[in-house]
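Read the structure below first, then the notes.
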Amino acid sequence: MYIREKLSAEIKNIIALGLDKTLESGAFSIDEKPEIFLEIPREKNHGDYSTNIAMQLPKQAKKAPRFIAEALIENLEIQGTSVESVEIAGPGFINFRLKPQWHYQALEEIKSLGDQYGKSQKHAGKTYNLEFISANPTGPMHMGNARGGAIGDILASIAAWSGYDVTREFYINDAGNQIAKFGDSLDARYRQLLGEDIPFPEDGYQGEDITDHMRDFIAINGNNYLKWEEADRKKVLIEYALNKNLDKMKSDLGAYGINYDVWFSEQSLYDSGAIDETIKVLKEGGYAYEENGALWFKATAFGSEKDDVLIRANGLPTYFMADIAYHMNKFVDRQFDRCVNVWGADHHGHVARLKGALTAVGVNADNFEVVIMQLVRLLRDGEVARMSKRKGKAIALTDLIEEVGVDATRFFFNLRSPDSHFDFDLDLAIEQSNDNPVFYVQYAHARICSILRQMDEEVNMDETVDYACLVEKEEMNLLEILSDFPEEILVAEEKMDPSRITRYTIDLAAGFHSFYNACRVRVEDVELMKARVHLIKAVRQVLQNALGILGVEAPERM
RNA sequence: GCGCCUGUAGCUCAGUUGGAUAGAGCAACGGCCUUCUAAGCCGUGUGCCCGGGGUUCGAAUCCCUGCAGGCGCGCCA
């Protein structure tokens, strides 16, 4: 248990015991004991912890908040606890001031846990599937995928730090309409390159990459496939280009710091019979019916306005159909306790009906959650530029990384919460790269490394040190930030907001930079020097842990 | 028309289960390097928390309603 948890539990216990005693004394009576909430006040002079319990009770107790607070405070037993003093403030807050020694606890924890500091067992034993990006493999990834990738990958790390057994998964849309269109586009380019005068499909993929694929393909195979049946030829072309694209995706994402545990093929759902099986389950449950030659899902049974098509009149299952089968596979076949997807805002309409469908097939849809990420708008020359994959106009992920760098890209896309709308100013991003907060954080790490390099002799970390030397307000502040880290991870997990960790690193770096300017580490006073070395080593460790979650380098020199 | 997201300082955004005097960064201005990295620190100013109602001890936060922007509402994915 980390220090913050301990303190919180200890103080809540003091309050609970005090409340019992107060009730026994007959100062007031209540029907039902409230849940005790503690908060860390913004204002430092409001103490270290604060509770509003006295303000929750007036109605039941029929007494004024301050009266309740005073009665309660009489009965609080703080002897032998971490609490130094208690006081009533404002409309009836009870504020707790702690003995300052608690601060040093975090240093011990960090020293003993090292790169494990911040990990929790809260969700130990549970499996967690996180699906993200899942970009169509019909072309290169773009900037929108970069945001989804950063969010998903970091969310996965946060879940793992919270104790989950995490699987990072990429769903390959290698079946259905998109792929047919992909095949049409490839085929048209193939034949055009070989001299046939045929039109390019109107809704085909116009990107250069399609042409490039076919040029390469022709370099290997020439016009051998021209005489094939069109359908067969398309199959060959699709397989060729798809594999090329997937290889590229894997390497591009690897370069971006993302490595998946599972690449799951949509086509495999067809091949394995999972689609048919799912249809059977839906039909048996009475949630599928036929109309106008199509098979429909009774989404209206789950609050939707209209039903959705599962199998088109032409016999082909919809994307929705495959997605139901896919999630049944996750929950039923692979038995994941929890499945989370990161989707762009343009897919949010899909959430409710998929949840409905999962309920229909007997899955507890509460274990399925979607992080909706607002779309990235691209600003170029101060104007909104439309990103279109089909027309090949999107900024490629690889270009972005090359220009901005992996660290800055990951950091930048995690600076804001997923549901904030995001304008990506291309000109600014390139120009601003020096101004990017990622350098601010990395600089703190590099500075610490620099100090340690210059120490006359290594400080023996096994020797006991008098932490009580650390008394400056910058030191206290730094210690508090360090002790917040474990809880910050849990909150980020609960809220599914990875940007909290990014902001945490900024806070920690700011705390360090302030300390650095206010206090010297290499001082004459050996005890103080040792204590400060312990402090900055702890900061370095936590920076490494936090940046590790973000997938950002912690450089030793800058 | 219906649904989801957003609206907080000049700009980009935080704001924990409703809490005390609403906070950061950027931009602007003024200081701090013969001493551990100035990619840094310290200081100065700014608010109709989109408008209007309501709930209560207490609202940026919850409810209703209006306005503005983004995104959906397909036998596309």
Side-chain angles (χ1 to χ4, degrees), chain A residues 35 37-43 45-46 50-52 54-56 58-59 64-66 89-93 95 134 136 138 173 176-179 181 203 266 291-296 304-306 308-320 322-323 344-352 372-375 377 384 415-423 425 428 432 434-444 446-455 474 487-488 491 494-495 499-500 503 506-507 509-510 512-523 529 532 536 557-558:
Chain A
E35 190 180 343
F37 290 114
L38 276 187
E39 65 167 22
I40 298 172
R42 229 187 351 247
E43 272 302 314
N45 55 26
H46 289 152
S50 176
T51 181
N52 62 351
M55 278 123 83
Q56 295 183 299
K59 217 168 233 176
R66 285 200 69 111
F93 290 102
N95 295 338
S134 298
N136 269 311
T138 51
N173 301 128
N177 251 328
Q178 303 266 119
I179 284 296
K181 217 184 285 176
D203 56 351
E266 180 182 358
E291 195 176 288
N292 298 332
L295 186 71
W296 295 75
S304 281
E305 277 179 37
K306 47 193 160 190
D308 294 294
V309 172
L310 294 168
I311 313 254
R312 303 182 184 93
N314 64 10
L316 295 175
T318 59
Y319 174 85
F320 176 46
D323 226 12
D346 53 340
H347 287 67
H348 80 257
H350 189 56
V351 177
I372 292 296
M373 158 195 87
Q374 295 300 314
L375 299 176
R377 285 197 313 175
V384 178
L415 211 45
R416 308 290 176 229
S417 75
D419 55 13
S420 76
H421 298 264
F422 201 82
D423 286 344
D425 191 324
L428 206 65
Q432 222 191 22
N434 244 5
D435 215 5
N436 196 305
V438 70
F439 297 105
Y440 179 82
V441 175
Q442 291 180 320
Y443 185 50
R447 267 183 154 175
I448 294 169
C449 293
S450 171
I451 297 170
L452 294 172
R453 270 196 303 272
Q454 291 170 63
M455 298 300 296
E474 287 83 2
E487 196 167 329
E488 198 55 44
V491 174
E494 199 179 308
K495 293 184 175 290
S499 70
R500 298 188 71 99
R503 286 193 295 273
I506 295 172
D507 288 346
F512 173 74
H513 287 310
S514 291
F515 160 81
Y516 180 89
N517 278 272
C519 312
R520 277 185 65 84
V521 174
R522 296 171 59 206
V523 287
M529 182 270 288
R532 285 184 174 163
I536 66 169
R557 293 169 203 267
M558 282 177 76

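In the text below, chain A, chain B and the rest are named by the order of the sequence lines, each starting its count at 1. Remember, predicted model here, so these are calculated numbers, not experimental data.
- Here His46(A) lies parallel enough and close enough to stack on the base of A20(B), with planes under 30° and ring centres under 5.5 Å apart.
- Nucleic acid contact for Phe320(A): none, since no nucleic acid atom lies under 4.0 Å from a heavy atom of the residue.
- The backbone N or O of Val438(A) sits less than 3.5 Å from a side-chain atom of Asn436(A), completing a donor-acceptor pair.
- Atom C1' of nucleotide G74(B) and atom CG of Asp203(A) are separated by 14 Å, given to the nearest angstrom.
- Applying the 3.5 Å distance criterion, the base of G72(B) shares no donor-acceptor pair with the side chain of His347(A).
- Relative to the side chain of His421(A), the nucleotides C36(B), C42(B), U6(B) differ in distance, and U6(B) lies closest.
- Comparing the P positions of G30(B) and G69(B) gives an interatomic distance of 40 Å, to the nearest angstrom.
- Within 4.0 Å (heavy atoms only), Ala444(A) reaches no atom of the nucleic acid at all.
- Residue ring and base: Phe93(A) counts as stacked with A20(B) (centre distance below 5.5 Å, interplanar angle below 30°).
- Looking at heavy-atom distances under 4.0 Å, Asn95(A) makes contact with a base.
- Here the separation of G18(B) from G45(B), taken at their C1' atoms, is 30 Å to the nearest Å.
- Taking every heavy atom of both residues into account, Leu375(A) and Ala345(A) meet most closely at CD2-N, 3.9 Å.
- Using a 4.0 Å heavy-atom distance criterion, Val521(A) is classed as a base contact.
- Taking for each of Tyr319(A) and Pro58(A) the nucleotide of RNA chain B with the nearest heavy atom, the 5'-most of the two is the partner of Pro58(A).
- Taking the centre and axis of the six-membered ring of Tyr516(A), the NZ or CZ atom of Arg447(A) falls inside the cone set by 45° and 6.0 Å.
- A close approach under 4.0 Å does not occur between any side-chain nitrogen or oxygen of Arg66(A) and OP1 or OP2 of C57(B).
- Using a 4.0 Å heavy-atom distance criterion, Ser450(A) is classed as a base contact.
- Counting any heavy atom pair closer than 4.0 Å across all strands shown, Ser499(A) reaches no nucleic acid atom.
- Rounded to a whole angstrom, the distance from the P atom of A60(B) to that of G7(B) is 15 Å.
- Across all strands shown, Leu415(A) has no heavy atoms under 4.0 Å from either base or sugar-phosphate atoms.
- Of all non-hydrogen atoms in Arg522(A) and Met455(A), the two that sit nearest each other are CG-SD, 3.6 Å.
- OP1 or OP2 of A77(B) has not a single side-chain nitrogen or oxygen of Asn136(A) nearer than 4.0 Å.
- Counting non-hydrogen atoms under 4.0 angstrom, Phe37(A) reaches a base of the nucleic acid.
- The side chain of Gln56(A) places no N or O atom within less than 4.0 Å of a non-bridging phosphate oxygen (OP1 or OP2) of G19(B).
- Among the atoms of the strands shown, none is found under 4.0 Å from any heavy atom of Glu35(A).
- Across all strands shown, Ala345(A) has heavy atoms under 4.0 Å from sugar-phosphate atoms exclusively, and none from any base.
- Within 3.5 Å, no donor on the side chain of His513(A) pairs with an acceptor on the base of C41(B), nor the reverse.
- The backbone N or O of Ala54(A) lies less than 3.5 Å from no partner atom in the side chain of Arg66(A), so there is not a single donor-acceptor pair.
- Using a 90° window around 0 for the glycosidic torsion, C32(B) falls outside it and is classed as anti.
- Using a 4.0 Å heavy-atom distance criterion, Cys519(A) is classed as a base contact.
- Taking atom C1' in both C5(B) and C41(B), one finds a spacing of 39 Å when rounded to whole Å.
- Residue Arg42(A) holds its CZ atom at 11.5 Å from OG of Ser50(A), rounded to the nearest 0.5 Å.
- Closest heavy-atom contact between His350(A) and Asp323(A): NE2-OD2, 2.9 Å.
- For A27(B) and G23(B), the P atoms lie 22 Å apart once the distance is rounded to whole Å.
- Between the CD atom of Glu494(A) and the C1' atom of U16(B) there is a distance of 10 Å, rounded to whole Å.
- The P atoms of U16(B) and U6(B) are separated by 13 Å, rounded to the nearest whole Å.
- Nucleic acid contact class of Arg557(A) (heavy atoms, under 4.0 Å, all strands): base.
- No N or O donor and acceptor, one from the side chain of Thr318(A) and one from the base of A77(B), sit under 3.5 Å apart.
- The base of A20(B) has none of its N or O atoms less than 3.5 Å from a complementary donor or acceptor on the side chain of Asn52(A).
- Across all strands, Arg522(A) comes closer than 4.0 Å to base atoms (heavy-atom distances).
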